[in-house]
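Taking it in order: structure first as structure tokens, then the write-up.
Fair warning: this is a prediction, and the values are worked out from it, not measured in the lab. Chain letters run A, B, ... following the sequence lines, proteins first and then strands; every chain starts at 1. Excluded from the calculations below are hydrogen atoms, water molecules and symmetry mates; all remaining heavy atoms, backbone and side chain alike, are included.
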Amino acid sequence: MFQEIEKQLIRAFEEQVAAKFGTGIPVSIEQPKQACFGELAIPVAFQLARPLRKAPKQIAETLLAGLERPAAVSAFEIAGNGYINVRLDRGAYAMGLLNPPSANAAGSGEKIIVEHTNINPNKAAHIGHLRNAILGDTFVRMLRHRGHFVEVQNYIDNTGVQVADVVVAFHYLEKKSPAEVQKLIDNPEIRFDYLCWDFYARISALYVQEPDSLRWRAEALHAIEAGEGQVAEMGHLVADAIVRSHVQTMYRLGIEYDVLPRESEILHLKFWATAFELLKKQSAIYLETERKNRGCWVMPASAFRNSESDPDSGNDAEDSKVIVRSNGTVTYVGKDIAYQLWKFGLLGKDFFYRHWSTYPGGHQLWVTSDHAVEENVPQFGRGSKVFNVIDSRQSYLQDVVVAGLRALGFDRAADASVHFSYEMVALSPRTLAQIGVELSEEDKRRAYVEVSGRKGLGVKADDLIDKLIDTALGEVEHRHPEQLAAERQNVARQIAIGALRYFMLKFTRNSVIAFDFQEALSFEGETGPYVQYTAVRAQNILRKYVERFSKLPDFRTCLQQVSLARFFETENFWQLLLLASKSDSAIERAVASGEPAHLAKYAFQLAQAFNNFYHDQRVISEENEERRHILLWLTQYVHSQLVSTLQVLGIDVPEYM
RNA sequence: GGGGGCGUAGCUCAGUCGGAUAGAGCAUCAGCCUUCUAAGCUGAGGGUCACAGGUUCGAUUCCUGUCGCCCCUACCA
């Protein structure tokens with residue numbers, strides 16, 4: 001509704017500008033900072049002032065002369081020295097919300113691919129991974145809400161160095177056979193992902209102490225890439241088991257995937273070999289014959305640096321990116337170029353697929369396979385737009401991937417590749433002290449310390465979720481001793497997830513989060529539970545109303561435009577209704593800016609506005625029936641907007657709190 | 001050295017295309033529960049938008065420089 005009016009006004013003013021001044025400029029529309037200026041403001045007169053050499057106020061007057069008012073607009077006003085402020089017809093607007101036009105599907109039929117999570121399958125997930133997955137999942141939900149067709153991919157680097165390291169720990173350090181590792185995996189007493197977390201830290205420390213042991217890594221990596229022998233078998237066991245825990249951990253937060261493309265298939269199905277030929281043929285890479293990168297296939301730095309390289313500083317050959325090592329093995333970036341090509345359907349090859357698991361809701365998760373094993377496999381890949389949710393430290397590598405596409409002549413795909421980057425989650429000094437980490441003098445002076453898997457330094461995702469649930473459960477038990485234990489547990493889980501998802505979303509993407517337990521465990525102020533609590537309050541009014549009057553009235557027949565117009569003359573009521581009506585607009589803005597944080601902020605603001613209303617209005621006990629009906633309708637409308645916004649954020653509303 | 005990011009209230013952060021009196025939350029202080037749940041509401045204090053120039057009707061926002069912090073700059077990912 002709000003968006004339609006905005007679009008209508010933009011069109012009307014653009015026509016007016018063309019008619020009156022004979023120039024075409026895009027008209028922008030904004031929301032005044034102060035409610036007393038009206039609902040919308042059009043600063044177009046300022047834009048025109050310079051080229052036309054006229055006072056903005058005069059231009060505004062010319063534009064308004066003879067302009068027909070759209071139905072929902074009650075007045076145009078010229079304010080200040082040239083703002084055109086728009087006042088909406090409140091009664092008509094409310095009627096419009098009461099009788100919404102049938103929804104229009106915006107979907108284009110094109111597929112958008114969002115790749116997120118992408119955790120190395122060699123240890124338990126930590127809070128940094130949570131930020132990735134929650135950002136990615138929320139962005140997916142936003143796109144789907146806008147009507148887009150979205151495929152969610154979670155890339156599994158199951159043949160990489162990190163998996164090799166854990167295999168080294170099992171094989172060389174612990175002298176375990178694959179069968180014994182399988183036993184560990186099957187043992188319900190043991191958290192295998194946690195065990196690997198410790199092993200990874202141990203082996204990483206050993207590499208530093210005894211650099212000789214690094215040859216184990218090379219051996220293991222080679223064996224895993226070749227895909228043969230006990231070490232390779234163990235690599236698969238470890239990676240598959242860890243992927244299962246990751247999928248499960250993320251499902252606790254309501255995050256699901258469609259397909260798990262794996263590096264092992266990129267290798268075995270010769271995706272890389274195909275991409276390699278393409279890159280050579282198009283001269284996107286060349287065989288370096290001199291200096292430090294001798295014997296490697298490299299991509300010249302000029303391909304992925306946008307600025308002209310200064311001839312004085314460094315030289316291009318030294319800064320070029322190695323794609324194939326001198327020993328003939330391919331780097332991660334090389335494989336990523338092949339993978340990115342496949343996502344757009346530009347590689348000329350496809351994976352085979354096998355069913356991996358079925359989510360409780362019935363959704364199927366698939367994994368790539370190197371041979372055909374199943375029929376009725378959905379079509380994966382072939383996206384027209386690709387979002388890679390990857391932390392900002394890897395932007396250099398993402399630039400190389402895009403440069404690869406461009407060098408192959410796939411400009412459209414290069415343009416449609418978006419590095420959806422975000423800053424890391426670090427740990428606050430207080431939290432480090434809490435988890436028993438000794439800080440160096442240098443670290444003590446820092447505002448935060450980076451998570452490090454190698455050092456085993458971090459907060460595990462499941463531990464954090466458990467802690468949040470415990471905290472919430474304590475509160476729920478205290479407040480609702482009368483409820484069943486199982487239900488309380490479920491409510492506590494919903495609150496915990498609301499707190500966690502909101503916490504990860506409230507920061508804009510390029511802000512480093514200095515994770516702090518005390519902050520994350522807070523359920524007050526700008527938090528998920530605050531918004532959930534607000535929705536529960538609205539829910540309670542609706543429930544109690546039904547208890548007292550047996551059912552909700554039929555608002556469409558009992559509410560009249562005249563009475564709505566009168567009611568919404570009260571500024572606070574009107575502002576609440578108006579804000580609640582802007583949820584779609586908030587989602588569109590969040591999608592356009594790529595900032596889920598904007599939607600989180602909107603949810604919080606709407607909750608604040610409703611809490612305000614809740615505090616000084618009694619709905620059920622209102623004696624004037626007409627007024628009661630309107631208060632109730634407003635409550636119901638805000639509730640439904642709040643619930644659907646929370647749903648897009650991946651946050652459930654509990655039955656009670 | 002090169003590339004990128006950041007610097008806004010005591011702390012953590014928003015701030016849309018350059019626009020009207022720079023906003024939240026936390027913390028502090030003062031109030032508000034016989035009512036639809038106080039995980040709430042109201043109010044107060046708290047700002048040289050790092051600094052210096054420039055662009056213009058107008059700059060927290062754009063440009064240049066300085067200072068400080070962070071990330072990247074691997075034949076790791």
Touch class at under 4.0 angstrom, heavy-atom based, for A:Arg430 against every strand present: nothing

Could you list the protein-to-nucleotides 15-18 of chain B atom pairs, N/O on both sides, closer than 3.5 Å?
from: B:G15; atom 1: OP1; to: A:His598; atom 2: NE2; distance (Å): 2.9
from: B:U16; atom 1: O2; to: A:Arg589; atom 2: NH1; distance (Å): 3.4
from: B:C17; atom 1: N4; to: A:Ile29; atom 2: N; distance (Å): 3.3
from: B:C17; atom 1: N4; to: A:Ile29; atom 2: O; distance (Å): 3.1

Anti/syn call for B:C17, syn if |chi| within 90°: syn

Pair of N/O donor and acceptor under 3.5 Å linking B:C13 base with A:Ser511 side chain: no

Touch class at under 4.0 angstrom, heavy-atom based, for A:Tyr545 against every strand present: nothing

Given B:U37, B:U12, B:A77, the nucleotide with the shortest approach to the side chain of A:Phe507: B:U12

B:G40 phosphate, OP1 or OP2, under 4.0 Å from A:Arg537 side-chain N/O: no

Distance between C1' atoms of B:C72 and B:U60 (Å, rounded): 27 Å

Separation between the C1' atoms of B:G10 and B:U16, rounded to whole Å: 29 Å

Nearest-nucleotide pick for A:Lys321, side chain only, options being B:A39, B:A74, B:C71: B:A74

Touch class at under 4.0 angstrom, heavy-atom based, for A:Asn85 against every strand present: base

Sugar-phosphate only, base, or nothing, as touched by A:Glu519 at under 4.0 Å among non-hydrogen atoms: sugar-phosphate

Sugar-phosphate only, base, or nothing, as touched by A:Ala41 at under 4.0 Å among non-hydrogen atoms: base

Gap in Å between the two P atoms, one belonging to B:C75 and one to B:C17, rounded: 38 Å

Touch class at under 4.0 angstrom, heavy-atom based, for A:Tyr448 against every strand present: sugar-phosphate

Sugar-phosphate, base or nothing in reach of A:Asn540, heavy atoms under 4.0 Å: base

Below 4.0 Å: OP1/OP2 of B:G40 and any side-chain N or O of A:Asn611: no

OP1 or OP2 of B:G5 under 4.0 Å from side-chain N/O of A:Arg509: no

Short side-chain N/O contact from A:Lys544 to OP1 or OP2 of B:U37, under 4.0 Å: yes

Residue-phosphate contact under 4.0 Å: A:Tyr530 side-chain N/O, B:C41 OP1/OP2: yes

B:U37 OP1/OP2 closer than 4.0 Å to side-chain N/O of A:Arg479: no

B:C26, syn or anti by chi within 90 degrees of zero: anti

Sugar-phosphate, base or nothing in reach of A:Arg543, heavy atoms under 4.0 Å: nothing

Heavy-atom check, side chain of A:Leu552 versus side chain of A:Trp633, under 4.5 Å: no

Short side-chain N/O contact to B:G25 OP1/OP2 from A:Gln608, under 4.0 Å: yes

Among B:U73, B:G25, B:A39, the nucleotide that comes nearest once only the side chain of A:Pro529 is considered: B:A39

NZ or CZ of A:Arg509 within 45° of A:Tyr422 ring axis and under 6.0 Å: no

Residues in salt bridge (Lys or Arg N to Asp or Glu O under 4.0 Å) contact with A:Arg454, at least two apart in sequence or another chain: none

Range-with-range stems for RNA chain B, at least three Watson-Crick or G-U pairs under 3.5 Å: B:1-7 with B:67-73, B:10-13 with B:23-26, B:28-32 with B:40-44, B:50-54 with B:62-66

Per A:Tyr533 side chain, nearest of listed nucleotides B:U37, B:C41, B:C6: B:U37

Sugar-phosphate only, base, or nothing, as touched by A:Val512 at under 4.0 Å among non-hydrogen atoms: sugar-phosphate

Sugar-phosphate only, base, or nothing, as touched by A:Phe523 at under 4.0 Å among non-hydrogen atoms: base

Touch class at under 4.0 angstrom, heavy-atom based, for A:Ile495 against every strand present: base

Span that lies between the C1' atom of B:C13 and that of B:A27, in whole angstrom: 14 Å

Given B:C71, B:G40, B:U37, the nucleotide with the shortest approach to the side chain of A:Tyr614: B:U37

Rounded C1' spacing from B:G47 to B:G7 in Å: 14 Å

Quiz item: A:Arg294 side-chain donor-acceptor pair to B:C75 base, under 3.5 Å: no

Sugar-phosphate only, base, or nothing, as touched by A:Asp516 at under 4.0 Å among non-hydrogen atoms: nothing

